[in-house]
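The structure under discussion appears below in the form of structure tokens.
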Amino acid sequence: MEKKRAQWSSKLGFILAAAGSAVGLGNIWKFPGRAYEGGGGSFLLIYLFIVVLLGIPLMLTELALGRASQTNIVNTFKKLGYKQHSWVGWIGVIGAFIITCYYSHVGGWVLRYVFSYAFEAPAIYRDSLGYFYNMLGLHADGTTSIPWTALFFAALFMLLNAVVIIRGVEGGIEKFNKFGMPALFLLLIILLIRSVTLPGAEAGVKYMLSLDLGKVTVNTFFSALGQAFYSLSIGMAILVTYGSYLSKSEDMIKNTAVVCGMDTLVAVLAGFIIVPAVFATLGSGEVGKGGGFAFVSLAGVFAEMPGGRIFGVLFYLLLLFAALTSSISLIESIVAFLTEEFGWTRKRTTIILCLILFLIGCLYTCSQAAIPLKGIWYDGVNGITHPALCDFMEYLTDRIMIPLCALGCCIFVGWVWKPESIIAEVEQSGFRFRLAKAYTVLIRFVAPAAILAILILSIFSGVTLS
Ligand code: PHE
């Protein structure tokens with residue numbers, strides 16, 4: 001009954017698709033702000049340490065789980081003979097579902113901004129906050145309306161996802177990433193050169209290289225840890241699914257290291273683009289504003305910069321590619337689950353799923369401003385900057401579900417299925433796992449302890465995880 005399972009056609013195809021999943025909005029607008037808050041160079045150092053110590057082993061674990069089981073994350077546990085652990089997979093798939101609802105809408109806003117910079121740049125420069133809220137349905141006179149523009153572009157963004165996913169693993173996802181990822185790197189290089197050659201940018205570059213240990217606190221560690229998980233797409237259904245399409249002859253350790261390396265490189269480059277550009281144009285205090293920063297504060301940077309409009313279009317194109325390759329991976333992992341478990345066709349599943357995701361996401365976009373349902377989706381206390389639904393969706397996924405799924409994977413592999421099974425899976429390709437002992441200690445003790453610490457801290461103390 002089972003059809004032959006899809007597979008990446010080449011090593012490069014897999015690497016670009018996995019890196020495409022990892023490199024996303026998180027790298028480009030979350031990372032630079034966090035690096036700034038964490039003291040620049042000191043944060044970078046801590047982040048790199050965490051990626052090597054925890055990021056690479058955890059990514060390897062999820063990829064190897066997928067390759068061993070040759071199935072989606074929910075079925076993985078059953079296939080390996082431990083059906084009672086399927087809850088870990090369910091958390092992953094449901095988490096991916098919730099993230100996609102809002103991630104794809106933010107992707108739509110990014111798409112809107114590519115056009116905005118191309119055709120309406122002066123309007124953004126005049127009042128960047130007003131322009132942003134106007135897109136979301138809140139107008140200068142205090143009235144609200146359905147945010148048709150934002151919804152239209154979110155629908156377009158979803159359509160782009162669907163078109164790629166319907167074409168399948170090799171013909172769609174791999175092909176798109178082979179084009180999208182090099183384009184993303186090219187845009188990064190162009191923007192990097194533009195940013196660091198701005199007069200006054202040296203202060204920002206220096207800041208990003210400075211080791212100011214006075215700014216490092218326990219929170220810096222947790223911020224770096226949470227950022228690394230989110231950025232590497234760990235703790236979701238994705239890496240298991242992408243690993244299941246990986247050929248048995250691939251060197252998994254090398255591939256994992258390359259993917260983690262690419263993701264980190266993009267984050268660091270984005271840091272070296274945004275922080276120096278903001279220092280040069282707005283002054284140091286403006287960095288680190290989180291989400292709205294990408295749409296609002298950056299306008300000041302482009303307004304000040306020679307050729308700012310062109311660079312604005314390029315920047316949002318960069319964000320668009322990053323968001324698309326990530327949302328494709330999120331949707332694919334749900335499609336893989338639905339098609340395999342229920343025998344539905346890829347095309348029909350993708351269309352229905354994308355439609356549902358889009359419709360639920362509409363609540364997210366609308367709850368930003370246009371539908372002030374106080375107390376339900378909208379807290380009505382903090383005003384338009386803290387709609388309750390958005391906060392809740394992000395809180396649930398970033399702070400609870402991602403670490404819980406990652407913890408479940410560590411415990412399953414460390415104590416139930418045993419690290420030897422992962423080591424055997426890795427060595428199946430004919431490569432020796434030289435650091436097998438260190439891996440065993442990490443997956444059994446270090447990683448679960450670190451994840452448990454973030455979970456507890458983020459639930460009880462409000463330390464943000466993503
Ligand atoms: N890693 C992506 C980013 O950096 C986000 C993401 C998280 C994608 C989880 C898939 C799963 O934006």
Side-chain angles (χ1 to χ4, degrees), residues 16-35 47 50-51 55 58-59 62-63 66 72-73 89 91-107 109-110 157 161 165 173 177 180-181 184 188 223-243 256 259-271 274 290-291 293-294 318-337 357 361 393-406 409 464-466:
L16 292 180
S21 166
V23 173
L25 296 172
N27 299 57
I28 299 167
W29 52 262
K30 271 191 190 158
F31 184 86
R34 281 177 176 248
Y47 185 82
I50 290 175
V51 168
L58 283 174
M59 185 181 275
E62 291 194 17
L63 289 172
N72 62 78
I73 190 168
I91 296 182
V93 172
I94 296 171
F97 186 92
I98 300 175
I99 291 190
T100 319
C101 292
Y102 70 81
Y103 204 89
S104 58
H105 273 251
V106 179
W109 307 350
V110 170
F157 182 84
N161 278 286
I165 294 170
I173 302 176
N177 278 291
M181 290 306 283
L184 185 137
L188 265 177
S223 158
L225 199 62
Q227 174 68 25
F229 277 23
Y230 187 83
S231 187
L232 295 171
S233 303
I234 286 170
M236 287 282 110
I238 293 149
L239 294 168
V240 173
T241 310
Y242 272 24
T256 306
V259 172
C260 289
M262 277 167 82
D263 182 68
T264 309
L265 183 68
V266 173
V268 172
L269 288 181
I274 290 181
F293 170 76
L318 171 75
L319 265 184
L320 180 68
F321 280 121
L324 257 176
T325 50
S326 294
S327 60
I328 286 171
S329 74
L330 282 158
I331 300 173
E332 170 64 20
S333 59
I334 312 171
V335 168
F337 165 67
L357 289 165
M393 282 166 116
E394 291 185 26
Y395 177 87
L396 195 66
T397 49
D398 299 2
R399 289 205 207 172
I400 311 227
M401 298 180 85
I402 291 183
L404 215 54
C405 179
C409 286
T464 43
L465 221 206
S466 62

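Counting starts at 1 for both ligands and their atoms, in listed order. What you see is a predicted model; the values in this text were computed from it and never measured.
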From CA spacing to verdict: side-chain contact (heavy atoms from CB on, under 4.5 Å), Met181, Val23:
CA-CA 9 Å; Met181 290 306 283; Val23 173; 4.1 Å; yes
Exactly one candidate in Leu232, Val259, Leu63 meets side-chain contact (heavy atoms from CB on, under 4.5 Å) with Leu239; the answer is Leu63
In this structure, atom 8 (C) of ligand 1 is nearest to the protein heavy atom Ser233 OG, 3.5 Å
Counting heavy atoms under 4.0 Å, the part of Tyr230 that contacts ligand 1 is both
At less than 4.0 angstrom from any non-hydrogen atom of [X], what atoms of ligand 1 do you find?
| X | result |
| --- | --- |
| Tyr103 | 2 (C), 3 (C), 5 (C), 12 (O) |
| Ser231 | 1 (N), 4 (O) |
| Ala22 | 1 (N), 2 (C), 3 (C), 4 (O) |
| Ile238 | 10 (C), 11 (C) |
| Met236 | 9 (C), 11 (C) |
| Ser21 | 1 (N), 2 (C), 8 (C) |

Handout entry: N or O contact, Asn27 vs ligand 1, cut-off under 3.5 Å
Key = yes
Legend entry - Note, Leu357 side chain near Tyr103 side chain (heavy atom, < 4.5 Å): no
ask   = Would you say Lys30 and Leu25 make side-chain contact, with heavy atoms under 4.5 Å?
value = no
Here the pair of heavy atoms bringing Ala406 nearest to Ile234 is CB-CG2, 4.2 Å
Donor-acceptor contact below 3.5 Å, side chain Thr100 vs main chain Ile331:
no
dist Cys260:SG -> Leu58:CG (nearest 0.5 Å) comes out at 9.5 Å
